[in-house]
Number of protein chains: 2
Amino acid sequence: MAKKSDPAFAIGVDYGTNSVRALIVDIADGREVAAHVFDYPSGEAGILLDPKDPHTARQNPADYIEGFYKSVSHAVKAAASDPTFRPERVVGIGVDTTGSTPIPVDRSGQPLALSPEFGKELAAHAWLWKDHTGHAEAAEITEKAKKVRDKYLDKCGGTYSSEWYWSKLLHCKRSAPKVFKAAYSWVELADFVPAYITGNLNPDTLPRGICAAGHKAMFHEAWGGLPSTKFLSSLDPALAAIRDHYAPHAMTSDQKAGSLTAEVAARVGLPAGIAVAVGAFDAHMGAVGAGIKAGTLVKIIGTSTCDMMVAPMDSGLPDIPGLCGIVPGSVVPGMYGLEAGQSAVGDIFNWFVKTLAPAQYGSEGDAHVGLTRDAAKLRPGASGLVALDWNNGNRTILVDPLLSGLLVGQTLHTTAAEIYRTLVEATAFGALTIINRFEEYGVKVKEVVNCGGIAEKNPMVMQIYADVCNRPMKISRSAQTCALGAAIFGAVASGAYKSVEAAQKKMTGVKETVYKPAKSAASVYAELYRVYRTLHDAFGTASGKPQLHGVMKDLIAIRDTARRGAG
Amino acid sequence: MAKKSDPAFAIGVDYGTNSVRALIVDIADGREVAAHVFDYPSGEAGILLDPKDPHTARQNPADYIEGFYKSVSHAVKAAASDPTFRPERVVGIGVDTTGSTPIPVDRSGQPLALSPEFGKELAAHAWLWKDHTGHAEAAEITEKAKKVRDKYLDKCGGTYSSEWYWSKLLHCKRSAPKVFKAAYSWVELADFVPAYITGNLNPDTLPRGICAAGHKAMFHEAWGGLPSTKFLSSLDPALAAIRDHYAPHAMTSDQKAGSLTAEVAARVGLPAGIAVAVGAFDAHMGAVGAGIKAGTLVKIIGTSTCDMMVAPMDSGLPDIPGLCGIVPGSVVPGMYGLEAGQSAVGDIFNWFVKTLAPAQYGSEGDAHVGLTRDAAKLRPGASGLVALDWNNGNRTILVDPLLSGLLVGQTLHTTAAEIYRTLVEATAFGALTIINRFEEYGVKVKEVVNCGGIAEKNPMVMQIYADVCNRPMKISRSAQTCALGAAIFGAVASGAYKSVEAAQKKMTGVKETVYKPAKSAASVYAELYRVYRTLHDAFGTASGKPQLHGVMKDLIAIRDTARRGAG
């Protein structure tokens with residue numbers, strides 16, 4: 001056992017969409033000692049696709065297990081070069097994952113996909129957060145939930161999403177009934193990993209985190225946990241059994257899920273018995289790693305975004321339409337966790353680069369750099385283009401997966417860099433729409449802290465966000481915010497800190513560089529945002545009779561003004 | 001002089017957007033003996049651009065002159081390999097060009113751009129048809145013309161275009177007054193070339209073709225030629241002088257503009273004195289080369305399209321809103337010539353390939369082939385995409401240059417080939433909109449004959465046109481229809497045929513291959529056309545309150561049905 005004055009470490013294990021990252025930090029100050037990233041080997045960049053249905057996105061649970069062993073063991077090895085590090089000085093492990101990413105499991109908690117019978121069955125794999133195959137079921141759940149006494153949807157924005165737990169289960173029941181029948185329960189990835197490494201896979205008892213349960217499975221104390229048997233049976237009688245195979249209480253991530261088993265510990269080079277925190281979603285732990293507190297919006301910008309806020313429990317918070325969830329304790333124990341998000345951000349840029357970057361920009365990695373360089377030279381409004389950032393549907397504020405991308409304003413001279421910049425701007429407009437929605441309902445956004453690779457590496461994107469939102473954009477000090485947040489929860493669950501806030505004070509911060517809005521750019525973007533909002537409301541809402549005849553003409557006028565400005 | 005039984009030849013000289021082509025044909029049967037294409041050396045593919053204004057498109061008149069010498073002399077040389085050809089057996093020359101492409105000239109008829117003073121002045125060059133810098137002036141002309149007694153706009157669709165003569169002159173007066181002041185007159189390229197090669201450049205007397213005058217300069221016998229001095233003065237007093245420096249009668253292209261001068265003849269290897277027909281626009285002569293007659297729609301598909309029909313003078317033809325022109329004798333002397341068109345077709349495909357074809361498709365030429373190959377494998381509707389074909393504005397039926405491109409329905413899995421196909425479909429929807437407009441006003445479209453490189457070389461495009469329009473698509477026998485049409489007019493002007501119809505009977509025809517609509521594709525495209533038309537009317541017209549909330553959802557439903565069909 002380490003002496004009290006010896007340095008102590010925590011490990012955060014962050015399961016992203018394409019890879020898993022293990023990060024070892026010094027809990028005294030958040031110093032990052034070592035990290036290792038493991039790319040999921042299955043499918044296309046870790047995702048199992050169905051060419052017949054672009055809504056399908058599954059993952060192989062074997063990748064998660066191998067990913068834990070590989071990422072943690074390599075990180076531990078790498079940490080050996082730090083003179084203060086010893087494996088026995090690791091006090092806690094935290095795990096964050098994508099979600100809602102439910103995995104069908106058998107009676108013993110083993111993923112069905114790992115059995116010979118279901119190994120080739122796509123439906124028996126993990127249903128990745130961005131799988132939208134259950135969009136019809138989501139609509140049905142929304143419709144039925146609106147009719148019952150318990151207001152299941154009030155805490156998740158009024159619309160149930162195809163990305164969430166019950167939509168996926170119900171769609172599996174209907175499209176792959178054999179798989180559904182073989183599944184004793186469905187376990188969120190965020191719960192599965194802590195359960196696996198602490199040796200408690202029993203679906204009836206394994207700790208279920210409030211984050212996944214509350215934000216995605218309509219779990220709330222107001223109605224005693226998961227939705228009622230009656231309600232679930234109204235969707236499908238088979239769903240009711242799932243409720244019975246689920247812990248009756250959901251836990252916050254400052255609590256211990258269990259201790260690292262000897263078997264797992266041996267394979268990663270750590271001692272057995274290390275405290276493992278209850279799991280939560282990447283964005284939620286990331287928000288903690290980025291220093292979230294009341295008034296701070298944390299944007300985790302990756303393939304998609306999560307936009308997180310917290311609010312005091314006594315703040316009389318109203319239900320906010322379009323938000324993904326308002327859940328007590330889901331981010332910081334003792335506060336409401338508020339989650340919004342954009343269904344695709346980095347994914348849109350990646351799609352463009354992979355699909356439409358012309359040869360002159362070289363390979364995919366080079367093309368991001370080259371397009372960013374050329375796009376950065378352009379003036380706001382000068383392309384005459386505007387886009388909707390809905391290539392993967394809209395999460396907040398429309399909560400509608402049956403939306404798609406739109407680009408308007410192209411001429412015969414429109415360049416790839418102009419389109420690339422327009423897509424960046426579109427995601428910034430989507431970000432602004434979320435900020436506006438928080439504030440419309442009284443949740444004041446006093447500062448914005450961004451994290452994720454894009455925030456870290458792409459000053460052009462951050463400057464556009466500052467100009468579009470007309471607010472300073474801060475960047476989280478850590479480049480690995482989600483993993484850092486997971487490590488913080490590991491430290492708190494171990495008892496090394498008495499609260500998340502106490503750990504945050506020591507272990508988090510923002511960078512010195514702050515992107516400040518430029519006045520002239522902000523004023524052009526205010527005009528473009530009106531065009532964006534016209535299109536947003538016209539294509540995204542059933543109410544109103546939009547006047548679109550002005551859209552192209554407005555864009556041309558904005559463009560001509562912007563270009564004259566360049567003269 | 002050749003004996004009557006000897007073969008006789010005519011030369012068609014076709015000035016396109018990027019190059020000029022000379023074609024030598026046997027007038028007995030239209031057999032093509034030799035051809036030569038000369039690419040304009042100036043600017044970008046022959047076009048002088050202004051990076052500050054994508055509406056700008058100018059050309060160097062020197063390219064036209066050099067282009068005549070180079071294309072004709074090389075064609076004559078190449079024809080020497082034909083045992084029946086002799087230069088002295090050439091009886092006539094016809095010239096067709098893009099338009100409205102007016103050139104500012106001095107008192108002697110010399111283009112200002114060829115003088116040292118104005119050589120570097122963009123405004124002193126030829127104003128290419130697709131120059132849209134005069135869009136504000138076009139709107140002003142439309143507005144003022146609607147208020148006067150003479151119904152100047154009734155014969156050109158009700159809206160004056162920024163592509164046309166007076167918009168360009170008025171914009172020059174306002175944006176480059178020095179150039180305008182130095183210009184004694186403005187001569188259409190279609191009139192300039194015959195004037196140049198027959199040695200009659202005097203702006204006051206050089207033959208002005210009815211095609212350019214009637215379709216673009218509001219010339220009509222009903223009001224005694226060009227619009228009145230009073231009307232032109234109301235736009236700008238300086239415009240009135242242009243009317244004074246313009247022949248009072250416009251001529252049809254079955255008439256002789258003059259005879260080839262000795263000097264020009266010597267430089268191209270022909271005898272002096274050959275009959276030169278009055279010039280006309282490429283599409284109009286092309287329609288003749290494609291065998292236009294009552295009931296036949298001829299589509300000249302190139303960078304843009306012209307869609308031509310003719311109607312008997314006694315058919316009681318109404319004015320048709322949105323058409324570019326209804327002019328007696330402009331296509332076939334003695335019939336109304338009706339012109340419609342799409343502002344960009346091949347230009348859109350080229351723009352996409354040049355700007356957005358990913359590296360895997362190789363160079364620009366290869367990318368057209370590869371994208372066509374992959375796009376041809378796709379099922380109608382399966383991409384979930386629809387586009388508006390307005391990257392260069394909309395000529396028919398909206399007559400609005402202040403419109404732009406639109407693409408909707410993209411996901412994170414949308415491929416370059418899907419977008420390429422969608423752009424092809426968009427141009428087909430634009431084509432169908434024109435067919436519908438003709439028929440709405442009683443001009444029955446009994447057959448469609450396509451010509452131009454795309455019709456010739458791209459069966460996928462033609463099959464999509466057949467499926468979208470739900471009509472057979474025929475292809476003109478000649479691959480060089482415009483040049484053939486010009487040669488026909490050369491032959492008629494020389495007196496070798498007594499009428500255009502008589503020459504057409506001998507010299508034109510269609511290919512055996514006819515693209516027939518497939519029932520299942522036509523039915524999917526009928527659904528997609530409804531979506532296209534919803535977007536068309538929403539973004540293109542001020543009337544109506546569009547309901548766009550269904551657009552993306554309809555596209556997804558169509559896509560899902562199409563993909564299930566593929567299972």
Side-chain angles (χ1 to χ4, degrees), chain A residues 49 52-55 130 344 347-348 350-351 354-363 367 384-385 388 390-393 402-416 419 535 538-543 545-553 555-557 559-560 563-564 566-567, chain B residues 49 52-55 130 135 344 347-348 350-351 354-363 367 384-385 388 390-392 402-416 419 535 538-543 545-553 555-557 559-560 563-564 566-567:
Chain A
L49 302 172
K52 286 196 191 148
D53 186 351
H55 288 312
K130 66 175 166 177
D347 263 352
I348 295 182
N350 290 337
W351 163 75
K354 199 172 159 181
T355 313
L356 297 168
Q360 69 195 84
Y361 284 105
S363 69
L385 297 170
L388 290 174
W390 299 350
N391 290 43
N392 195 28
L402 291 185
L403 295 173
S404 54
L406 182 144
L407 177 70
V408 61
Q410 48 273 40
T411 69
L412 295 172
H413 304 285
T414 297
T415 66
I419 297 176
L535 294 168
F539 285 92
T541 71
S543 58
K545 305 272 187 179
Q547 270 300 357
L548 293 166
H549 186 235
V551 164
M552 292 168 179
K553 291 168 207 312
L555 287 173
I556 289 168
R559 178 191 74 198
D560 289 352
R563 292 193 181 192
R564 269 200 301 276
Chain B
L49 303 171
K52 286 194 193 149
D53 186 352
H55 288 312
K130 65 175 166 178
H135 57 77
D347 263 352
I348 295 182
N350 290 337
W351 163 75
K354 199 172 159 182
T355 313
L356 297 168
Q360 69 195 83
Y361 285 105
S363 68
L385 297 170
L388 290 174
W390 298 351
N391 290 43
N392 195 29
L402 293 185
L403 295 173
S404 55
L406 182 145
L407 177 70
V408 60
Q410 49 273 42
T411 69
L412 296 172
H413 303 284
T414 297
T415 65
I419 297 175
L535 294 169
F539 285 91
T541 70
S543 59
K545 305 274 187 178
Q547 268 300 355
L548 293 168
H549 187 234
V551 163
M552 292 167 178
K553 291 166 207 311
L555 286 173
I556 289 168
R559 178 191 75 198
D560 290 352
R563 292 195 181 189
R564 270 200 300 278

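Here the structure is a predicted model, which is why all the values come from computation and not from measurement.
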Distance-minimising heavy-atom pair for [X] and [Y]:
{"X": "B:Trp351", "Y": "A:Ile419", "result": "CZ2-CD1, 4.4 Å"}
{"X": "A:His413", "Y": "B:Leu49", "result": "CE1-CD2, 4.0 Å"}
{"X": "A:Thr355", "Y": "B:Pro358", "result": "O-CG, 3.2 Å"}

Query raised in the report: Is it the side chain or the backbone of A:Ala357 that comes within 4.5 Å of chain B heavy atoms, both, or neither?
Result: backbone
Query raised in the report: Are any of the side-chain heavy atoms of B:Ile348 and A:Leu412 separated by less than 4.5 Å?
Result: yes
Query raised in the report: Do you know which of A:Gly409, A:Gly362, A:Gly384 has the most heavy-atom pairs under 4.5 Å to chain B?
Result: A:Gly409
Query - Residue selection (most heavy-atom pairs with chain B, distance under 4.5 Å) from A:Thr415, A:Thr411, A:Leu388 - result: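 Top option by heavy-atom pairs under 4.5 Å: A:Thr411.
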**Report entry** Qualifying residues under side chain to side chain donor-acceptor pair (under 3.5 Å), relative to B:His135, sequence neighbours excluded
**Finding:** none
Query raised in the report: Which region of B:Thr414, side chain (C-beta onward) or backbone (N, CA, C, O), has a non-hydrogen atom less than 4.5 Å from a non-hydrogen atom of chain A, or is it both or neither?
Result: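 Contact with chain A involves both backbone and side-chain atoms of B:Thr414.
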Query raised in the report: Taking B:Ala359, B:Ala367, B:Pro54 one by one, which has the highest count of heavy-atom pairs under 4.5 Å against chain A?
Result: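 Result: the option with the highest number of such pairs is B:Pro54.
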